[in-house]
Amino acid sequence: MNILITGITTGFGFITTKKLLKNGHTLLSPVRGGWDRLKEDLDFVQAKQNGKLIVVDLDLTNSSRLNELKFIIETQFKFRLDVLIHNAGLGILMPFELQNENDIRQQFDVNFFAPLEITRLLLPALRFSKGKIICVSSVAGLVSIPFYSTYCASKYALEAWAESLSSELSHQGIPICLVEPGGYVTEFANRSRTKMKFEIPNHLKDIYQKTLNGFHNMMESKSKAGQNPIHVANRIVKLAESPHPKFRNIMGIDAWFAYVASRILPRETFRKTISLAYRFLVNRFSSDNARVSE
Ligand SMILES: NC(=O)c1ccc[n+]([C@@H]2O[C@H](COP(=O)([O-])OP(=O)(O)OC[C@H]3O[C@@H](n4cnc5c(N)ncnc54)[C@H](OP(=O)(O)O)[C@@H]3O)[C@@H](O)[C@H]2O)c1
């Protein structure tokens, strides 16, 4: 099959790409910094030499260049695209008041607007091949979590779009599915924590310093104890190769727990429980006994 997948340098995308290559598929991927980012990996080098992996040096936030992907599909894939996997993503995870507008917009560009734009460009090729679309969303697209406010908003938006589009495209033979993981060990949390290491403006220090330290430490400990990303990669490969992929794919015990609780408990009770649980956890991790952020 011919497959376009985003976000292959690390995490779910990296593992999924290796598996898809092993299964004999041909892949196209936009990568910031291009081939140089992947040249250390022997499987990728071999796939490039065999023409099984095509990499375009492309930042997904650069919407004016996304049509380069369409050009490659028309010329090198002869208009055939069997699977489109929107995997790239980033999380600005911290108290809302400390987030800056540029970061929030970049997060929406990568998590939401890039998948929309790429899908619009490639729908003709997907229709031609009766292809499918896989969106890597998050349980944060189903459940609202403190400090994840704008990340949740970007993933809720992706979910709403995908669910509506699935009905629009069903009669055209183009299935869409969502993968909704909980916490898995990838570069995702590290990248978000890097964003947290900044000077809090003086007038907000009293309000947020302790909370941010606590949240930072909590993320660090959670990311070490996170689940194995191989399970998510296996699911993405299974969906890519299945003739009838399942629409919703909640992944991980934490995601299932949060999702089921959000559906069983009355809305207000659930919201209060999440709020209390986070306050308790952040306090615990910001206490003198907890490791203070680097
Ligand atoms: N890990 C989790 O616990 C978790 C849970 C739920 C959902 N998710 C979702 O899973 C997906 C994959 O995340 P991951 O956990 O594998 O994280 P990751 O290891 O940080 O990988 C993210 C990928 O997205 C790419 N990317 C980010 N911004 C980009 C841009 N502007 N242009 C091109 N590529 C860009 C990154 O490339 P660079 O190397 O160039 O930055 C990287 O390849 C994301 O959509 C994320 O929201 C993750």
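Note that these values count all heavy atoms, side chains included, but never hydrogens, waters or copies made by symmetry. We're numbering straight along the sequence, starting at 1. Order of listing sets the numbers, starting from 1, for every ligand and every atom in it.
From the protein, the heavy atom lying nearest to atom 20 (O) of ligand 1 is Arg191 NH1, 2.6 Å. Scanning the protein for heavy atoms near atom 19 (O) of ligand 1, the closest one is Thr10 OG1, 2.8 Å. For atom 42 (C) of ligand 1, the closest non-hydrogen atom of the protein is Thr9 OG1, 3.3 Å. The nearest protein atom to atom 48 (C) of ligand 1, hydrogens excluded, is given as Phe12 CE1, 3.4 Å; this is a heavy-atom distance. Distance from atom 11 (C) of ligand 1 to its nearest protein heavy atom, with residue and atom name: Asn87 O, 3.0 Å. At the top of the distance list for atom 33 (C) of ligand 1, counting protein heavy atoms only, stands Leu60 CG, 3.5 Å. Among protein heavy atoms, the minimum distance from atom 3 (O) of ligand 1 is reached at Tyr184 N, 2.8 Å. Protein heavy atom at the shortest distance from atom 15 (O) of ligand 1 is Thr186 OG1, 2.6 Å.
For atom 28 (N) of ligand 1, the nearest non-hydrogen atom from the set Glu187, Arg37, Gln107, Arg32 belongs to Arg32. Across the listed options Ser29, Gly89, Ser137, Ser137 owns the non-hydrogen atom lying nearest to atom 7 (C) of ligand 1. Comparing Gly182, Ala233, Gly183, Ala189 by heavy-atom distance to atom 5 (C) of ligand 1, the nearest is Gly182.
Under the 4.0 angstrom criterion for non-hydrogen atoms, His86 is not in contact with ligand 1. Residue-ligand proximity: Glu180 is placed with every non-hydrogen atom at 4.0 Å or more from ligand 1.
Annotation for ligand 1: atoms under 4.0 Å from non-hydrogen atoms of Gly11 are 16 (O), 19 (O). When each atom of ligand 1 is checked for a heavy atom of Val136 under 4.0 Å away, the hits are 9 (C), 10 (O), 11 (C), 45 (O). When each atom of ligand 1 is checked for a heavy atom of Ile8 under 4.0 Å away, the hits are 43 (O). Applying the 4.0 Å criterion to heavy atoms of Gly7 picks out, from ligand 1, the atoms 23 (C), 24 (O), 25 (C), 43 (O).
By the 3.5 Å distance cut-off applied to N or O atoms, Tyr151 is counted among the residues near ligand 1. By the 3.5 Å distance cut-off applied to N or O atoms, Gln106 is not counted among the residues near ligand 1. Where the criterion is an N or O separation shorter than 3.5 Å, residue side chain and backbone included, Pro181 fails it with respect to ligand 1.
Looking only at side-chain heavy atoms (C-beta outward), Gln227 and Pro181 stay at 4.5 Å or farther from each other. By the 4.5 Å heavy-atom criterion applied to side chains, Val179 and Asn87 are not counted as neighbours. In this structure the side chain of Leu93 reaches within 4.5 angstrom of the side chain of Phe215, judged on heavy atoms.
Glu97 and Tyr208 form a side-chain donor-acceptor contact under 3.5 Å, judged by distance and modelled atom types alone. When only modelled atom types and interatomic distance are considered, Asp103 and Asn100 share a side-chain donor-acceptor pair under 3.5 Å.
For an aromatic pair to be called close, the ring centres must be under 6.0 Å apart, and Phe188 with Tyr151 satisfies this. Taking the six-membered ring for Trp, Phe44 and Phe14 have ring centres closer than 6.0 Å.
Environment of CG in Leu276: crowded, with over 12 heavy atoms of neighbouring residues, nucleotides or ligands closer than 6.0 Å. The environment of CZ in Arg279 is sparse: at most 12 heavy-atom neighbours from other residues, nucleotides or ligands sit within 6.0 Å. Within a 6.0 Å sphere centred on CZ of Phe96, other residues, nucleotides and ligands contribute 12 heavy atoms or fewer.
By the side-chain hydrogen bond (donor to acceptor under 3.5 Å, both in side chains) test, Glu74 is found to be paired with no residue, residues two or more places apart in sequence or in another chain being considered.
Glu180 has no carboxylate O lying under 4.0 Å from a charged side-chain N of Lys155, or vice versa, which leaves the two without a salt bridge.
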